[in-house]
Q: 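Please see the structure below; I have some questions.
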Amino acid sequence: MTSSPSDIPPTNGPETGSKTARPGWLKMIPVAVLLAGLAAAYFLGVLDYLSFEALRENRDTLQQAVATSPVLSVLIFMAIYAVAVALSLPVGSLLTITCGFLFGVASGTFYVVIAATIGATALYLAARYAFYDVMHARAGGAIRKMEAGFAENAFSYLMVLRLVPLFPFWLVNLVPALLGVKLRDFVLGTALGIIPGSFVYISIGDGLGAIFDRGETPDLGIIFEPRILTPIIGLAVLALMPVAYKKFRHHLSRKV
């Protein structure tokens, strides 16, 4: 199976020796666009419109819009979700719950996984394009060793980072880009790894109407409850089994 160009890590040599090398400032354009979008979102007060209070006040309007134009509503929502993830706005849980409220559990989970993966991939590509060559050229032996170890089991490590809700989503988008993780591993690890957590919040959103009727706000910390976190950690352990198996085989081969 041949690798696509996007799966081939950037060259290690300095760019100044390449006739096709692009100026360094060009590589910063995608990152600059994302930073400008982030600054604009805060300056325009976008986060004020992305809150449970705003959702409570506009719930009937939003549900009517979904009923009237279901396909357009899905596309608009997924676009908002993907942009929010790419800009690293702290509204992922809110948007996921909103998706469950508007589209239900099954469809909502599908929409969130696709939109979140698109947004995460956009940030990953921007960071990799802008910073990978520079970091790799200046990295010491410890960083290169960590990069090699991570890349060898990238899919398993990404699954763990996505499954266990201890690491900021934006950070898990950036680190693989700087460690040279292949695009296909990043996309698959992200799409599969966020399903359990997304399903939890989508399920909360499916019952959000009743929560609002009681005058309450959803508990975002529910994912850390043992009854929910325990099976997720179990999935993370399973994701690490291939890594443990490789290390065990390597250990046996050294003894033979």
Side-chain angles (χ1 to χ4, degrees), residues 37 41 44-124 158-159 162-165 168-170 172-173 186-225 227-229 231-232 235:
L44 297 174
V46 171
L47 296 183
D48 295 335
Y49 299 97
L50 298 176
S51 66
F52 284 118
E53 187 59 35
L55 180 58
R56 188 196 308 269
E57 294 176 357
N58 297 280
R59 56 188 289 193
D60 293 334
T61 302
L62 291 172
Q63 288 179 320
Q64 181 62 35
V66 171
T68 303
S69 305
V71 175
L72 181 61
S73 298
V74 169
L75 294 177
I76 291 175
F77 178 85
M78 292 180 68
I80 292 173
Y81 200 112
V83 170
V85 171
L87 298 181
S88 300
L89 295 176
V91 292
S93 299
L94 166 68
L95 290 177
T96 304
I97 290 174
T98 302
C99 189
F101 175 65
L102 295 177
F103 305 111
V105 176
S107 297
T109 301
F110 177 77
Y111 300 151
V112 162
V113 169
I114 298 300
T117 301
I118 292 173
T121 302
L123 181 55
Y124 157 89
L158 266 172
M159 284 289 292
R162 293 302 192 192
L163 284 167
V164 181
F169 196 77
W170 61 267
V172 184
N173 294 335
F186 179 85
V187 172
L188 287 175
T190 296
L192 295 177
I194 64 176
I195 290 176
S198 298
F199 180 81
V200 170
Y201 286 120
I202 287 286
S203 300
I204 295 174
D206 192 42
L208 188 60
I211 295 175
F212 281 163
D213 290 340
R214 295 195 301 267
E216 300 175 355
T217 300
D219 179 15
L220 299 183
I222 190 174
I223 199 168
F224 294 103
E225 293 185 4
R227 62 188 176 90
I228 293 176
L229 187 59
I232 291 178
L235 290 174

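Remember, predicted model here, so these are calculated numbers, not experimental data. Position 1 is the first residue of the sequence, and the numbers go up from there.
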Q: Please enumerate all residues that pass side-chain hydrogen bond (donor to acceptor under 3.5 Å, both in side chains) together with Thr109, with sequence neighbours excluded.
A: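 So Thr109 forms no side-chain hydrogen bond (donor to acceptor under 3.5 Å, both in side chains) with any residue.
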
Q: With rounding to the nearest 0.5 Å, note down the distance linking CD1 in Ile222 to CG in Leu229.
A: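 Answer for the CD1-CG pair, Ile222 versus Leu229, is 12.0 Å.
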
Q: Between the side chain of Ser73 and the main-chain N/O of Ala65, is any donor-acceptor distance below 3.5 Å?
A: yes

Q: Rounded to the nearest 0.5 Å, how far apart are CG of Leu208 and CG of Asp213?
A: 9.5 Å

Q: Grab the two heavy atoms, one from Val85 and one from Gly119, that are nearest each other, plus how far apart they are.
A: CG1-C, 3.6 Å

Q: Checking Ser93 now: which residues fulfil side chain to side chain contact (heavy atoms under 4.5 Å, CB included) with it, not counting sequence neighbours?
A: Tyr201, Leu220

Q: Is any side-chain heavy atom of Ile204 less than 4.5 Å from a side-chain heavy atom of Ile211?
A: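 Ile204 vs Ile211: side chains touch.
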
Q: Testing the basics here: between Leu235 and Pro196, what is the closest heavy-atom pair and its distance to 0.1 Å?
A: CD1-CG, 3.8 Å

Q: Atom CZ in Phe52, atom OG1 in Thr98: separation rounded to 0.5 Å?
A: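 The CZ atom of Phe52 sits 6.5 Å away from the OG1 atom of Thr98.
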
Q: Can you list the residues that meet the side chain to side chain contact (heavy atoms under 4.5 Å, CB included) rule with Thr121, with sequence neighbours excluded?
A: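 Thr121 satisfies side chain to side chain contact (heavy atoms under 4.5 Å, CB included) with Thr117, Leu125, Leu183, Phe186, Val187 once adjacent residues are dropped.
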
Q: Can you tell me how far apart CG (Leu163) and CG (Leu158) are? Round to the nearest 0.5 Å.
A: 10.5 Å

Q: Working to the nearest 0.5 angstrom, can you tell me the gap between Phe110 CZ and Ile195 CD1?
A: 10.5 Å

Q: Tell me every residue that passes side chain to side chain contact (heavy atoms under 4.5 Å, CB included) with Val46, counting only those two or more places apart in sequence or in another chain.
A: Ala41, Leu44, Leu50

Q: Listing request: all salt bridge (charged side-chain N to carboxylate O under 4.0 Å, His left out) pairs with a residue in residues 109-123, at least two apart in sequence or in separate chains.
A: none

Q: To the closest 0.5 Å, what do you measure between CG (Leu94) and CG (Leu55)?
A: 7.0 Å

Q: Please find the pair of heavy atoms, one from Ser88 and one from Leu123, that lie closest to each other, and give the distance.
A: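 Looks like OG-CD2, 3.5 Å.
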
Q: State, to 0.1 Å, how close Ala116 and Ile194 come at their nearest heavy-atom pair, and which atoms those are.
A: CB-CD1, 3.7 Å

Q: State which residues pass side chain to side chain contact (heavy atoms under 4.5 Å, CB included) with Ala122; sequence neighbours excluded, sorted by chain then number.
A: Ala86

Q: Centre-to-centre under 6.0 Å for Phe103 and Phe77, is that the case here?
A: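 Ring-ring flag for Phe103/Phe77: true, centres closer than 6.0 Å.
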
Q: Identify the two heavy atoms, one from Arg59 and one from Phe212, that lie closest to each other, and give their separation to 0.1 Å.
A: NH1-CB, 3.5 Å

Q: Which heavy atom of Ile202 sits nearest to which heavy atom of Thr96, and what is that distance?
A: CD1-O, 3.2 Å

